[in-house]
Amino acid sequence: MIDLRSDTVTKPCDGMRQAMASAEVGDDVFNEDQTVNLLQDMIADMLGKEASIFVPSGTQANLLALLSHCERGEECIVGQQAHTYKYEAGGAAVLGGIQPQPIDFEPDGHLDLEKVKECIKPDDPHFAKTKILCLENTVAGKILPLKYLSEAREFCNRHKLRLHLDGARAFNASVELGVDIKDIAAPFDTITICLSKGLGAPIGSLLAGDHETISRARRWRKMLGGGMRQAGIIAAAGIFALNNNISRLKEDHENARLLAESLAHIEELAINLDEVQTNMVFINAPRKGANDFAEYLRDKNILISPNKRMRLTTHLDVSKNNISEIIQAVKSYF
Ligand SMILES: *Cc1c(COP(=O)(O)O)cnc(C)c1O
């Protein structure tokens with residue numbers, strides 16, 4: 001099966017499994033797992049942050065960030081379609097008493113800082129205390145410009161806000177822009193990285209930031225049940241991913257581009273090539289409906305999630321030959 005539903009579906013390769021099998025381990029709740037410690041140091045170093053913490057999922061990494069920055073009754077300004085707001089089961093509100101203030105993303109995925117400014121609440125007992133701004137990069141496969149990131153930093157300094165990046169796919173942005181991931185991370189107080197997306201690890205995310213914030217996150221992680229023991233088994237997969245799977249993200253982007261350009265003339269799909277910047281192609285469901293289309297493709301061993309607007313995601317288990325097969329199958333449908 002060629003699975004385009006998400007870049008989370010990748011399976012660990014033999015080399016990664018061998019790294020996992022031979023990982024040195026210890027009890028990570030006692031900070032004694034050497035492999036986890038190495039991964040945390042590697043990521044902190046790569047991102048130019050003081051420290052990082054290894055967690056089971058990106059959802060938990062973002063939640064730890066919000067819980068570590070905010071008290072009950074404080075507020076987070078976030079995108080209406082952002083993962084941290086829409087796709088994390090309301091965790092920050094449920095578990096942290098943190099009020100989300102969502103605002104629409106602009107078409108290119110940035111939050112208009114003028115609109116953010118209008119949402120900042122005055123210091124008045126009627127209101128929650130606005131504490132943090134959350135951005136996402138990449139956002140629906142689109143890259144936030146570095147210039148915007150530094151404007152967001154200056155904005156947050158001016159308004160005494162913290163700044164968090166959901167960087168689940170930040171490495172896709174850095175590879176595509178050809179910039180050091182440090183330059184993407186620098187404006188942010190904290191940043192989340194997913195190892196289990198395009199980087200190809202089976203499990204794991206990290207939250208990076210300053211020592212103080214990360215040590216608060218460590219306490220929250222334990223409370224949430226995320227304190228794992230011989231977690232070096234999975235951290236080893238993360239180290240393998242960082243050593244082997246970063247620069248190859250470029251291939252995923254090229255494959256997405258090839259797919260998008262080859263299908264762009266099919267009007268019903270309404271592909272916007274400007275939005276194809278990394279490993280995602282968005283298409284409209286054809287007239288006969290998303291289910292009909294998805295079933296047709298499934299018979300040709302291609303998996304997509306049937307929605308009105310569908311996301312086709314490339315990743316390390318989708319080869320260039322697979323892209324040709326997909327193009328043929330979609331063309332034959334029409
Ligand atoms: C996948 C993803 C996450 C984290 O998801 P988990 O499935 O919990 O690891 C966070 N943000 C974005 C933008 C994502 O795509």
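Numbering of ligands and ligand atoms starts at 1, following listing order. In this text, all values refer to a predicted model and were calculated from it rather than measured experimentally.
At a heavy-atom cutoff of 4.0 Å, ligand 1 is contacted by both the backbone and the side chain of Ser57. Counting heavy atoms closer than 4.0 Å to ligand 1, residue Thr84 contributes nothing at all.
For ligand 1, the polar-atom distance check finds no N/O of Ala168 at less than 3.5 Å from any of the ligand's N/O atoms. In terms of N/O distances under 3.5 Å, ligand 1 is approached by Asp166. For ligand 1, the polar-atom distance check finds no N/O of Glu88 at less than 3.5 Å from any of the ligand's N/O atoms.
In terms of protein heavy atoms, atom 13 (C) of ligand 1 is closest to Glu136 OE2, 3.3 Å. Regarding atom 5 (O) of ligand 1, its nearest protein heavy-atom neighbour is His83 CE1, 3.6 Å. Of all protein heavy atoms, the one closest to atom 1 (C) of ligand 1 is Lys197 NZ, 1.4 Å.
Within the 4.5 Å cutoff, no side-chain heavy atoms of Glu32 are placed close to those of Val25. Between Ile103 and Asp112 the shortest side-chain heavy-atom distance does not fall below 4.5 Å. Using a 4.5 Å cut-off on side-chain heavy atoms (C-beta onward), Leu259 and Val330 make no contact.
Every atom of ligand 1 is numbered from 1 in the order shown, and the set under 4.0 Å from a heavy atom of Gly58 is 4 (C), 6 (P), 8 (O), 9 (O). The contact set between ligand 1 and Asn62, taken as ligand atoms under 4.0 Å from a residue heavy atom, comprises 10 (C). Close contacts of ligand 1 with Arg169, meaning ligand atoms under 4.0 Å from a residue heavy atom, involve 15 (O).
Atom NZ of Lys117 sits in a sparse spot, with 12 or fewer heavy atoms from other residues, nucleotides or ligands closer than 6.0 Å.
Asn322 places no side-chain N or O within donor-acceptor distance of the main-chain N or O of Ser324, the cut-off being under 3.5 Å. In this structure a side-chain-to-backbone donor-acceptor pair under 3.5 Å is missing from Glu261 to Leu258.
Taking the ring centre of Phe171 as origin, the terminal cationic atom of Lys197 falls outside the region bounded by 6.0 Å and 45° from the ring axis.
The option with the heavy atom closest to atom 8 (O) of ligand 1, from among Thr192, Thr59, Val139, is Thr59.
A salt bridge links Arg229 with Asp27; the closest basic N to acidic carboxylate O contact falls under 4.0 Å.
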